[in-house]
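All remarks here apply to the structure that follows.
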Amino acid sequence: MSIVLNFKSYLAELFARALREVAPEQVGAIVLIERPKQAAHGDYACNLAMQLAKPLRKSPRDIAQALIAALPESDVIEKVEIAGAGFINVFITKTAKQAIVHTVLHAGAGYGHLHLGAGCKVQVEFVSANPTGPLHVGHGRGAAVGDCLCNVLHAAGWEVTREFYYNDAGAQIENLMRSVQLRCQGVTPDDPRWPEGGYRGDYIAEVANAYMAQETVESDDQHVVGKGDIFDTEAIRHFAVAYLRREQDLDLRAFNVEFDVFALESALYSSGKVEEAVQGLIASGHTYEQDGALWLRTTDFGDDKDRVMRKADGGYTYFVPDVAYHLDKWRRGFVRVINEQGADHHSTITRVRAGLQALDAGIPQGWPDYVLHQMVTVLKNGEEVKISKRAGSYVTLRDLIDEVGCDATRYFLAARHPDSQLVFDIDLAKSKCNDNPVYYIQYAHARISTVLELWGGEHLSLLQANVGLLDSEYETALLQQLIDYPQIIELAAEDLAPHLVAFYLKDLAAAFHSYYNASRFLVEDEAIKCARLALITAAAQVMRNGLALLGVSAPDKM
RNA sequence: GUCCUCGUAGUUAAAUGGAUAUAACCGCCCCCUCCUAAGGGGCAAUUACAGGUUCGAUUCCUGUCGAGGACACCA
């Protein structure tokens with residue numbers, strides 16, 4: 001019996017071989033294997049014959065006939081049929097499906113790991129919040145989507161680097177410094193002296209108090225001691241940045257998100273990378289001077305108007321360090337880079353890509369990739385929540401974690417397509433009943449754990465189970481879910497769509513709950529009991545694997 | 001005004017260009033002497049509109065309408 005880890009790619013290979021025989025000149029055709037929606041259409045379907053109909057000037061059914069004849073022998077294929085306009089429907093043998101139980105039990109946490117990335121390096125930049133306050137819900141969505149995406153890419157075989165970029169200098173940081181300085185002097189936001197762009201949240205007072213108390217602050221990438229000097233703006237600035245970075249680190253840690261690299265905008269200046277990028281752009285001939293400013297002709301690369309690089313006052317606009325930063329990513333060997341950001345940043349995409357093209361550094365067009373997530377609104381008691389007491393003007397990630405827990409927060413923020421707007425319903429996320437998908441999935445895992453504990457046997461003995469006894473409609477459905485898992489990873493990785501994992505887990509849990517309700521596992525017949533326990537042990541394994549990608553726990557008891 | 005994303009059952013959402021569009025919630029009806037009813041089974045209900053490309057369109061293209069966002073020598 002062949003051991004098949006991934007049926008889809010296995011069949012794709014068989015059809016590719018048939019294609020080489022039937023139409024060698026068409027080997028460029030894309031062999032697509034899909035899961036039909038209806039069971040009558042088999043377990044897998046291939047549309048190759050319809051694709052080839054036009055170039056080969058033959059009827060799809062004739063081509064299908066030839067492909068089937070050329071299909072290599074395989075003991076996992078029960079039968080092959082031609083249907084409809086020319087679909088080739090493949091039916092998998094029961095034995096091959098049942099074997100998935102042993103495949104999963106043997107692979108364990110490695111089940112679902114693929115080699116799509118072939119160990120290539122990919123860098124994912126996400127969150128990238130400036131250190132001017134606690135992280136808000138939007139950052140939370142970025143953190144959840146970005147981190148899950150990293151997990152999925154890792155599972156798909158990429159070598160992933162998680163990176164967080166932030167601005168530790170510039171106008172917003174200046175505002176932050178002044179706000180803290182005023183708080184040190186006892187001035188509050190309701191005072192007429194409070195500046196226009198000042199930060200009004202209560203956390204500014206906390207920063208000021210810590211600075212005056214000469215506290216020590218350590219974040220993932222900063223270490224500083226408060227000087228307590230109200231007039232040393234440099235010391236205040238440095239302290240405030242470190243303090244708020246640490247706050248964000250604590251939020252992220254509570255959210256199970258860890259970064260490999262923190263990149264600072266100021267470092268791009270001090271290392272000369274910004275200047276180097278500017279010189280590169282000037283040398284490329286895509287710049288010009290006008291009205292005392294230096295412009296980049298981004299319209300050469302699809303932008304709707306040219307952009308200023310160096311302002312008349314001599315300072316660079318923000319997109320220049322952005323370009324320098326991305327050039328640096330490229331030089332660090334990241335052939336693939338994905339930026340996960342809020343959709344309000346979409347206007348930077350064209351500019352950054354244009355700047356990189358203008359540099360003529362061999363960077364491919366359309367590099368880097370972007371995943372933009374839409375707005376999050378928070379709902380509680382049916383009403384929109386806008387204010388957090390501590391932050392002043394927005395709902396913080398910490399508010400959500402404290403209120404509904406890390407698991408539910410991660411699940412809800414990652415379980416929707418990034419492109420669609422998200423309403424975070426706090427009451428739903430908190431509810432411990434069946435309309436809450438997080439609990440629904442976790443409950444399935446807990447149920448399996450309970451059964452296995454009651455059984456009390458040695459898990460290793462399940463490797464000997466006779467899975468040929470798994471034959472009911474519920475068992476078949478659950479087997480199929482287990483078989484589908486690697487393909488979900490593949491899809492999620494290719495589409496940069498981690499939410500697919502969340503949907504899959506709901507389906508997997510549903511298949512288990514139905515099975516649970518319809519059958520007993522701890523039955524008299526030893527062989528049947530072992531077969532069933534082996535199946536649900538495998539199901540629990542896949543639940544753990546999938547939940548791990550989402551960063552959600554898989555409890556044994558609830 | 002220009003650009004970007006989205007428009008799918010009453011509601012919230014899935015669907016790599018494939019065959020009869022999938023779930024959950026709500027509503028109605030059923031199932032615990034049972035390994036957790038935080039569960040299961042059933043009924044009803046959907047692609048905004050108009051064109052186009054295709055053997056085939058929820059998916060791609062154009063336009064209209066609707067929701068959100070972006071449009072600084074701010075970041």
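No hydrogens, no waters, no symmetry mates; every other heavy atom, side chains included, goes into these values. Labels below follow one simple rule: chain letters A, B, ... track the order of the sequence lines, proteins then strands, and each chain is numbered from 1.
Positionally, the nearest nucleotide of RNA chain B for A/A83 lies more toward the 5' end than for the other of A/Y474 and A/A83. When each of A/Y44 and A/A510 is assigned the nucleotide of RNA chain B with its nearest heavy atom, A/Y44 is the one assigned upstream, toward the 5' end.
Distance noted for atom P between B/C6 and B/A21: 23 Å (whole Å). On the P atoms, B/G69 is 43 Å away from B/C29, given to the nearest whole Å. Nucleotides B/U62 and B/U53 are separated by 11 Å at their C1' atoms, to the nearest Å. When the P atom is compared between B/A15 and B/A75, the two are found 37 Å apart, to the nearest whole Å. B/U58 and B/G17: their C1' atoms are spaced 11 Å apart (whole Å). Atom C1' of B/A9 sits at a distance of 12 Å from the matching atom of B/C26, rounded to the whole Å. For the P atom pair drawn from B/G1 and B/A44, the interatomic distance equals 46 Å after rounding to whole Å. Rounded to whole Å, the P atom of B/G42 lies 10 Å from the corresponding atom of B/A24.
What separates CD of A/E81 from P of B/A19 is a distance of 17 Å, to the nearest Å. Between the CG atom of A/L372 and the P atom of B/C6 there is a distance of 11 Å, given to the nearest Å. What separates NE2 of A/H373 from C1' of B/G68 is a distance of 13 Å, to the nearest Å. B/C34 atom P lies 19 Å from atom NE2 of A/H513, rounded to whole Å. With rounding to whole Å, A/Q341 atom CD is found 15 Å from B/U5 atom P. In this structure, the CZ atom of A/R141 is 12 Å from the P atom of B/C6, given to the nearest Å. Distance A/L478 CG to B/G40 P: 13 Å, rounded to the nearest Å. The nearest whole Å value for the distance from the CD1 atom in A/I88 to the P atom in B/A19 is 17 Å.
Ring pair A/Y394/A/H136 is perpendicular by interplanar angle, where above 60° counts as perpendicular and below 30° as parallel. Taking the six-membered ring for Trp and thresholds of 30 and 60 degrees, A/F412 and A/F424 have ring planes inclined between 30 and 60 degrees apart. Between A/F512 and A/Y515, the ring planes are perpendicular. Angles over 60° get that label, and only those under 30° would be called parallel.
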Next item on the list: Heavy atoms under 4.0 Å is the rule here; annotate nucleotides 70-75 of chain B 5' to 3' with B where the base is hit, S where only the sugar-phosphate is, and - elsewhere.
Entry: S-SBSB

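Across the strands present, B/U33 finds no partner; the criterion is a Watson-Crick or G-U wobble pair with both atom distances under 3.5 angstrom. For B/A48, the paired base is B/U64 (Watson-Crick or G-U wobble, both distances below 3.5 Å). Of the nucleotides present, B/C71 is the one that pairs with B/G1 by Watson-Crick or G-U wobble criteria, both distances under 3.5 Å. Base pairing analysis places B/C28 opposite B/G42; the two distances defining the Watson-Crick or G-U wobble pair are each below 3.5 Å. Across all strands shown, B/U54 remains unpaired; no Watson-Crick or G-U wobble contact has both distances below 3.5 Å. B/G17 is unpaired under the Watson-Crick or G-U wobble criterion, no partner having all donor-acceptor distances under 3.5 Å. Pair check for B/A23 finds B/U12; Watson-Crick or G-U wobble, both atom distances under 3.5 Å.
Identified under the salt bridge (Lys or Arg N to Asp or Glu O under 4.0 Å) test for residues 410-424 of chain A, with sequence neighbours left out: A/D147-A/R410. Identified under the salt bridge (Lys or Arg N to Asp or Glu O under 4.0 Å) test for residues 127-136 of chain A, with sequence neighbours left out: none. Residue pairs satisfying the salt bridge (Lys or Arg N to Asp or Glu O under 4.0 Å) criterion with at least one member in residues 437-454 of chain A, sequence neighbours excluded, are listed as follows: A/E453-A/K557. Contacts classified as salt bridge (Lys or Arg N to Asp or Glu O under 4.0 Å) and involving residues 498-522 of chain A (residues at least two apart or in different chains) are not found.
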Can you give the donor-acceptor pairs under 3.5 Å from side chains of residues 533-543 of chain A to other protein atoms, not counting sequence neighbours?
residue, atom, partner, partner atom, Å
A/T537, OG1, A/L533, O, 2.6
A/Q541, OE1, A/R544, NH2, 3.2
A/Q541, NE2, A/N545, OD1, 2.9

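The ring-ring contact (aromatic ring centres under 6.0 Å, His included) search around A/W367 returns A/W330, not counting sequence neighbours. Taking the ring-ring contact (aromatic ring centres under 6.0 Å, His included) definition, one finds that A/F15 meets it with nothing, sequence neighbours left out. Partners of A/Y504 according to the ring-ring contact (aromatic ring centres under 6.0 Å, His included) rule, which considers only residues two or more places apart in sequence or in another chain, are A/Y485. Qualifying ring-ring contact (aromatic ring centres under 6.0 Å, His included) partners for A/Y325, counting only residues two or more places apart in sequence or in other chains: A/Y165.
The side chain of A/N89 approaches B/A19 more closely than any other nucleotide in the set B/G40, B/A19, B/C55. Nearest to the side-chain atoms of A/M375 among the listed nucleotides B/A38, B/G69, B/G18 stands B/G69.
At a threshold of 4.0 angstrom between heavy atoms, the contacts of A/A45 include nucleobase atoms, whether or not backbone atoms are also involved.
Within 90° of 0 lies the glycosidic angle of B/C32, which makes this nucleotide syn.
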Give every pair of a protein N or O atom and an N or O atom of nucleotides 8-17 of chain B that lie under 3.5 Å apart, one pair per line with the distance.
residue, atom, partner, partner atom, Å
B/A14, OP1, A/H417, N, 3.0
B/A15, OP1, A/H499, NE2, 3.1
B/U16, O4, A/E34, OE1, 3.2

N/O to N/O distances under 3.5 Å, protein versus nucleotides 35-37 of chain B:
residue, atom, partner, partner atom, Å
B/C35, N3, A/F521, N, 3.2
B/C35, N4, A/Y516, O, 2.9
B/C35, N4, A/S519, O, 2.2
B/U36, O2', A/Y443, OH, 2.5
B/U36, O4, A/M558, N, 3.1
B/A37, OP2, A/R447, NH2, 2.3

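Looking only at side-chain heavy atoms (C-beta outward), A/H346 and A/Y370 stay at 4.5 Å or farther from each other.
Between A/R35 and A/D484, at least one side-chain N (NZ, or NE/NH1/NH2) sits under 4.0 Å from a carboxylate O, which counts as a salt bridge.
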